Amino acid sequence: MNGRNFDLSNGLEDVIISFKPDSNEHTFPEFQYSPVNVQGPGCPVDPSEVTLTGCSCFSHSCNSESCCCLQTHGQAYRNDGTLLSITVSDVGHSTPVFECNALCPCSDSCSNRVVQRGLRLRLQVCSTSSRGWGVRTLQPIPHGTFVCEYAGEVISFEEARRRQLAQRFEENNYIIAVREHAGRGSITETFVDPATVGNIGRFLNHSCLPTLFMVPVRVHSLVPRLALFADRDIGVEEELTFDYSGGYRNQTPGQQHLTQTDSTIQASRTVQRKACHCGANNCAKFLPLDLSVLN
């Protein structure tokens with residue numbers, strides 16, 4: 001591949017995702033690029049289907065005084081599109097984020113439309129010295145900025161477990177399990193696998209001291225989009241990473257809040273664990289167990 005002329009997204013993103021040729025003889029994976037989630041085996045809902053109601057704002061940008069989206073779900077973004085501090089409950093669960101959607105008459109530049117605008121940053125897939133492929137930024141990224149989604153096939157728990165058990169130890173596991181507590185004991189689970197259909201998020205490496213954190217964001221559908229935001233100001237050519245263990249703002253595995261369902265997932269995990277090479281001072285020495293959980 002010629003990194004200068006190669007666009008990883010094949011024109012599906014609004015910006016070119018460049019590619020730096022590999023000097024470490026890493027094999028570039030074959031997969032189908034998709035900038036958003038797609039319906040996979042066992043998923044009863046098409047993530048692209050519009051299932052949420054919209055507001056009635058005809059203004060350029062919605063405000064909390066008149067917008068039912070903001071009144072119902074709260075304001076998540078500043079006027080510049082950066083993420084506000086998400087409220088966390090006493091048990092460590094973050095409040096949900098809902099954006100205006102296709103049924104809302106507000107403009108595309110509404111401040112409550114961020115993740116749905118897609119990739120806006122110049123990112124590059126590159127080879128790392130010890131962790132295969134990775135992603136770095138070619139421009140500064142301010143704290144709280146939306147960077148990219150972790151998009152792929154939305155699958156059922158049964159399909160996620162089947163795929164995990166079929167994997168060989170040397171193969172990469174891409175499955176992320178998102179668990180959201182909706183109140184009154186209600187738990188919503190979403191499993192996303194970008195192994196064969198996915199976006200640039202599939203190339204993000206794990207770090208015990210990450211530069212990004214993940215937030216479930218709902219746009220048109222009840223199926224959440226796994227949005228990654230800058231956890232601090234990020235400089236040019238820094239590698240972009242997130243904590244595979246999940247948890248609001250990258251909790252460590254020991255901070256996750258386990259439920260009976262969590263125990264079921266953990267029972268299906270492989271016994272062998274892969275070494276972590278993130279190099280952080282707080283490195284846990286091993287990658288988090290498969291099927292990460294985000295509370």
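Side chains are part of it too, since the values below use all heavy atoms of this structure and drop only hydrogens, waters and symmetry mates. It should be emphasised that the depicted structure is a prediction, and the values quoted were computed from it without experimental measurement.
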For C55 against C68, the heavy-atom pair lying closest together:
CA-SG, 3.4 Å
Same cluster or not: are Y174 and V38 linked, directly or through other Ile, Leu, Val, Met, Phe, Trp or Tyr residues, by side-chain heavy atoms under 4.5 angstrom apart?
no
Where R202 and A195 come nearest, the two heavy atoms and their spacing
NH2-O, 2.8 Å
Close side-chain approach of L222 and V45, heavy atoms under 4.5 Å
no
Paired with N112, the side-chain contact (heavy atoms from CB on, under 4.5 Å) test is passed by just one of C69, C57, C106, namely C69
Any side-chain heavy atom of E13 sitting closer than 4.5 Å to one from C148?
no
Please round to the nearest 0.5 Å and tell me the distance separating atom CG of D231 and atom CG of L209.
9.0 Å
To the nearest 0.5 Å, what is the distance between CZ on F213 and CG on D243?
13.0 Å
Under 3.5 Å, is there a donor-acceptor pair between the side chain of D233 and the main chain of P142?
no
Pair Q124, S18: side-chain N/O donor-acceptor within cut-off below 3.5 Å
yes
According to a hydrophobic-cluster definition based on side-chain heavy atoms being under 4.5 Å apart (Ile, Leu, Val, Met, Phe, Trp, Tyr only), do F203 and L138 belong together?
no
If you look at every heavy atom in A227 and V115, which pair is closest and at what distance?
CB-CG2, 3.7 Å
Main-chain N/O of A102 paired with Q116 side-chain donor or acceptor, under 3.5 Å:
no
In the structure I gave you, are the side-chain heavy atoms of R78 and L84 within less than 4.5 Å of one another anywhere?
yes
Check this for me: does any side-chain nitrogen of one of D14 and R120 sit under 4.0 Å from a carboxylate oxygen of the other?
yes
Given side chains that start at C-beta, do those of V135 and E239 come closer than 4.5 Å, heavy atoms only?
no
Between F6 and F28, what is the ring plane arrangement, given parallel below 30°, perpendicular above 60°, and tilted in between?
perpendicular
No-hydrogen, no-angle side-chain donor-acceptor test under 3.5 Å, E149 and N199:
no
Is any side-chain heavy atom of R232 closer than 4.5 Å to one of T211?
yes
Report the residue from L8, I16, L204, V147 that forms a side-chain contact (heavy atoms from CB on, under 4.5 Å) with L123.
V147
Output yes when E99 and R113 qualify as a salt bridge under the 4.0 Å nitrogen-oxygen rule, no when they do not.
no
Quick one: pull up CD in E49 and OG in S221 and give me the separation to the nearest 0.5 Å.
7.5 Å
Working to the nearest 0.5 Å, report the span between CD of Q75 and SG of C67.
9.5 Å
Does the R117 side chain pair with the main chain of D108, one donor and one acceptor, at a distance under 3.5 Å?
yes
Just checking D80: does its CG atom have more than 12 heavy atoms from other residues, nucleotides or ligands closer to it than 6.0 angstrom?
yes
side-chain contact (heavy atoms from CB on, under 4.5 Å) between S127 and W133, intermediate numbers included
CA-CA 5 Å; S127 176; W133 299 103; 3.9 Å; yes
Run the numbers on T82 and H143 for side-chain hydrogen bond (donor to acceptor under 3.5 Å, both in side chains), then give the verdict.
CA-CA 8 Å; T82 56; H143 183 204; over 6 Å; no
From T145 atom OG1 to Q139 atom CD, the distance as rounded to the nearest 0.5 Å:
9.0 Å
When the aromatic ring centroids of F242 and Y150 are compared, is their separation below 6.0 Å?
yes
Looking at E159 and S156, would you say the former's side chain and the latter's main chain have a donor-acceptor pair under 3.5 Å?
no
Under a 4.0 Å N-O cut-off, is there an ion pair linking K20 with E237?
no
Can you name the closest pair of heavy atoms from F146 and V114 and give their distance?
CB-CG1, 3.8 Å
Any heavy-atom pair between the side chains of I234 and L240 that's under 4.5 Å?
yes
Give the cluster check for V125 versus V15: same hydrophobic cluster or not, with ILVMFWY residues linked at side-chain heavy-atom distances below 4.5 Å.
yes
Report whether V36 and I175 are members of the same hydrophobic cluster (ILVMFWY, side-chain heavy atoms less than 4.5 Å apart, transitive linking).
no
All heavy atoms of S207 vs all of P210, minimum pair found to be O-CD, 3.6 Å
What one should report as the nearest heavy-atom pair of G40 and E153 is CA-OE2, 4.0 Å
ILVMFWY network linking F98 to L83, side-chain heavy atoms under 4.5 angstrom:
no
Are more than 12 heavy atoms, taken from residues, nucleotides or ligands other than E171, located less than 6.0 Å from that residue's CD atom?
yes
For S48 and H220, test the side chains for any donor-to-acceptor distance below 3.5 angstrom and give the result as yes or no.
no
Give, for atom CD1 of I155 and atom CZ of R162, the distance between the pair rounded to the nearest 0.5 Å.
8.5 Å
May I ask you to decide whether E158 forms a salt bridge with R161, counting only side-chain N to carboxylate O separations under 4.0 Å?
no
Short side-chain to backbone donor-acceptor contact, S61 and S111, under 3.5 Å
yes
